[in-house]
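What follows is a set of notes on a single structure, which appears directly below.
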Number of protein chains: 2
Amino acid sequence: MDLNLTTQSVSTRDAVYRVLKNQILLLEIPPGTSLSEKEISLKFNVSRTPVRESFARLAHEGLLEIYPQRGTVVSLIDSELVEEAQFMREHLERAVISLACNSFPESNLRSLKINLAKQKLGIEEQDYKSMFQLDEDFHHIIFEGCAKKNTWDVVQQIKVHLNRSRMLRLAADHDWEHLYNQHLHMYEAIQAHDAARSDLLMKKHMELTLSDQDMLKQKFPTYYK
Amino acid sequence: MDLNLTTQSVSTRDAVYRVLKNQILLLEIPPGTSLSEKEISLKFNVSRTPVRESFARLAHEGLLEIYPQRGTVVSLIDSELVEEAQFMREHLERAVISLACNSFPESNLRSLKINLAKQKLGIEEQDYKSMFQLDEDFHHIIFEGCAKKNTWDVVQQIKVHLNRSRMLRLAADHDWEHLYNQHLHMYEAIQAHDAARSDLLMKKHMELTLSDQDMLKQKFPTYYK
DNA sequence: ACTACCACACTTGTATGGTAGTATGGTAGT
DNA sequence: ACTACCATACTACCATACAAGTGTGGTAGT
């Protein structure tokens, strides 16, 4: 395997980190897999040092578990962690959208409107890949409008634990039409400065994500703790 | 300087990490100070490797800023980050205490009661050092009772950004009597399953922490971004 | 057949040398 | 006096060697 060092990362450590993280999140390296610094360093044709530093970072994020002098494994999905991640995300998102109802820059409101239009287009063209990104962007714009950049970063960090679980479900089983309507209503609530309504809408919106955790656990028992 | 390797840390990396983090949080190494791997490794009589890995971790937490091939400095306090950290902490704490009002184990309720008694004692004896810990414990017990261990960990992580700012204020300027009463009222709200009241109480409680940020910024301009 | 033991092949942890990029201070030229 | 340039002394980054702990399979002894 070869690392693509052209994409701004520059440092081999970051490159290794990104590739590994991607593979783990996409379940290309399934939970429970044993890794070793040497193995990865050979695979990528780099020394152990940058690999080791990537391992440390991934372990800190909860995607790897390092057992000194014994080995390193891709961590199993921890349902408790998934549930709590969802809990945290919900409350932070609700807090932020309530803020947005108090004051929200006109430019960000326009961005939301544009985003919604793109979503509508995406649904018609059944471009589910870009729908994922637009969904992400929609929420990001709200955080930006509230000057809550760091909070967004924390939410992203927290979401790491959700992602593998979400990946197990088929990408296509989202009811995009429903999602679009929820986004639209949130937009309207922000525009109308209706904090109570936005809070309720976001609550419902978040509930969608965490539905069939138990089902997944039964279907992929070896992936879960 | 010598590292105390006796205290469970075992690995020199963790030891270096803890000592550095402590010194930074206690402002013994003030914001803006330049560090280098070599300098610290000589100071602690260890090789550059564990120092380097500690640097990476501290940088990830936002306490250091690493400029490749140029140097590493202790990050300045970012008021925006402090404000957002407080924002996140408030909403997570409020969400959890509301949960606690719905259902809370009897044993944790007892722990809270015991903690309150110790607080009362601490105030009488003017033992402010243990008051810090009891305050911390009180909130921790609530999270435990709601089975929100991971959320607690995230809050701890977020609080890193608050700590240096809090450190600048005198430790003694807390109105412990007031804090005790707030804790007591929260305890009563949990016991009475009064979520709305607990939410309001926690909101007020959190507001205490973030008061005179601007004053601090004027008083210690070189510490802030 | 069974057990105790030990050599060995792993693992991660630590130390160190070399590389490339950056800031700085002195110097030569204008 | 001022500027452009370059040697030098840094820096963090990466590669590599060694150290120390752990699991395992084979072997000798019972």
Side-chain angles (χ1 to χ4, degrees), chain A residues 1-21 24 29-76, chain B residues 1-21 24 29-76:
Chain A
M1 167 145 346
D2 228 29
L3 290 180
N4 182 8
L5 281 168
T6 59
T7 56
Q8 71 183 2
S9 56
V10 178
S11 87
T12 62
R13 174 185 40 182
D14 287 354
V16 171
Y17 166 76
R18 291 187 193 195
V19 172
L20 279 180
K21 183 171 180 177
I24 293 173
I29 307 178
T33 307
S34 288
L35 300 179
S36 84
E37 296 174 359
K38 190 169 188 179
E39 170 200 354
I40 301 296
S41 68
L42 289 175
K43 200 165 160 189
F44 289 167
N45 281 312
V46 296
S47 78
R48 267 184 57 212
T49 306
V51 173
R52 174 175 174 72
E53 293 175 358
S54 299
F55 273 29
R57 190 166 168 192
L58 290 167
H60 190 66
E61 291 182 342
L63 292 176
L64 290 184
E65 290 187 15
I66 300 175
Y67 302 101
Q69 270 76 35
R70 286 195 289 166
T72 299
V73 298
V74 178
S75 66
L76 299 176
Chain B
M1 169 145 345
D2 228 28
L3 290 179
N4 182 8
L5 280 167
T6 60
T7 55
Q8 72 183 356
S9 55
V10 179
S11 86
T12 62
R13 173 185 41 181
D14 288 353
V16 171
Y17 166 76
R18 291 186 192 196
V19 171
L20 279 180
K21 183 169 179 177
I24 293 173
I29 308 178
T33 307
S34 287
L35 301 179
S36 84
E37 296 175 359
K38 191 168 187 179
E39 169 199 353
I40 301 296
S41 67
L42 289 176
K43 201 165 159 188
F44 289 166
N45 280 313
V46 296
S47 77
R48 283 176 1 241
T49 305
V51 173
R52 175 175 171 71
E53 293 177 356
S54 299
F55 274 27
R57 191 165 167 193
L58 290 167
H60 190 66
E61 292 184 340
L63 292 177
L64 290 184
E65 290 186 16
I66 299 175
Y67 303 100
Q69 273 74 33
R70 285 194 288 167
T72 299
V73 299
V74 177
S75 66
L76 299 176

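Extent of DNA chain D lying under 4.0 Å from chain A heavy atoms, first and last nucleotide in 5' to 3' order, is D:dC13 to D:dG23.
When each of A:T12, A:D14, A:V16 is tested with A:S54 by the rule side chain to side chain contact (heavy atoms under 4.5 Å, CB included), just one qualifies, namely A:V16.
The stretch residues 29-36 of chain B touches DNA chain D through B:L35, B:S36, each having a heavy atom under 4.0 angstrom from the strand. Contacts of residues 51-73 of chain B with DNA chain D (heavy atom under 4.0 Å): B:R52, B:I66, B:Y67, B:P68, B:Q69, B:R70, B:G71, B:T72.
A:T49 contributes atom OG1, which lies 10.5 Å from atom CZ of A:R13 (distance to the nearest 0.5 angstrom). To the nearest 0.5 Å, the span separating CD on A:E53 from CD on A:E37 amounts to 10.0 Å. Going from atom OG1 of A:T72 over to atom CD1 of A:I40 covers 9.5 Å, rounded to the nearest 0.5 Å.
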Taking Watson-Crick (N1-N3 plus N6-O4 or O6-N4) and G-U wobble (N1-O2, O6-N3), each under 3.5 Å, can you produce the dot-bracket string of DNA chain C? Use [ ] for crossing pairs and | for inter-strand ones. ||||||||||||||||||||||||||||||
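Taking each heavy atom of B:S47 and B:S41 in turn, the nearest pair found is O-CB, 3.7 Å. The minimum heavy-atom distance linking B:G62 with B:S75 is given by the pair O-OG, 2.7 Å. In terms of heavy-atom proximity, B:E39 sits nearest to B:S34 at OE1-O, 3.9 Å. The two atoms that bring B:I66 and B:P68 nearest to each other are O-CD, 3.5 Å, heavy atoms only. Contact detail for B:L63 and B:K21: the closest heavy-atom pair is CD1-CG, 4.1 Å.
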Determine, step by step, whether B:V73 and B:L64 satisfy the side chain to side chain contact (heavy atoms under 4.5 Å, CB included) criterion, reporting the C-alpha distance in whole Å, the side-chain angles of both residues, the deciding distance to 0.1 Å, and the verdict. CA-CA 6 Å; B:V73 299; B:L64 290 184; over 6 Å; no
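Where A:T49 and B:E37 meet DNA chain D, the nucleotide closest to each residue was compared, and B:E37 sits on the side nearer the 5' end.
Considering only residues two or more places apart in sequence or on other chains, B:R48 meets the salt bridge (charged side-chain N to carboxylate O under 4.0 Å, His left out) condition with none of them. With sequence neighbours left out, B:Q69 forms a side-chain contact (heavy atoms from CB on, under 4.5 Å) with no residue at all.
Across all strands, A:R13 comes closer than 4.0 Å only to sugar-phosphate atoms, never to a base (heavy-atom distances).
Between A:I29 and A:L20, the closest side-chain pair of non-hydrogen atoms falls below 4.5 Å.
Straight-line distance from the NZ atom of A:K38 to the C1' atom of C:dG13: 15 Å, rounded to whole Å.
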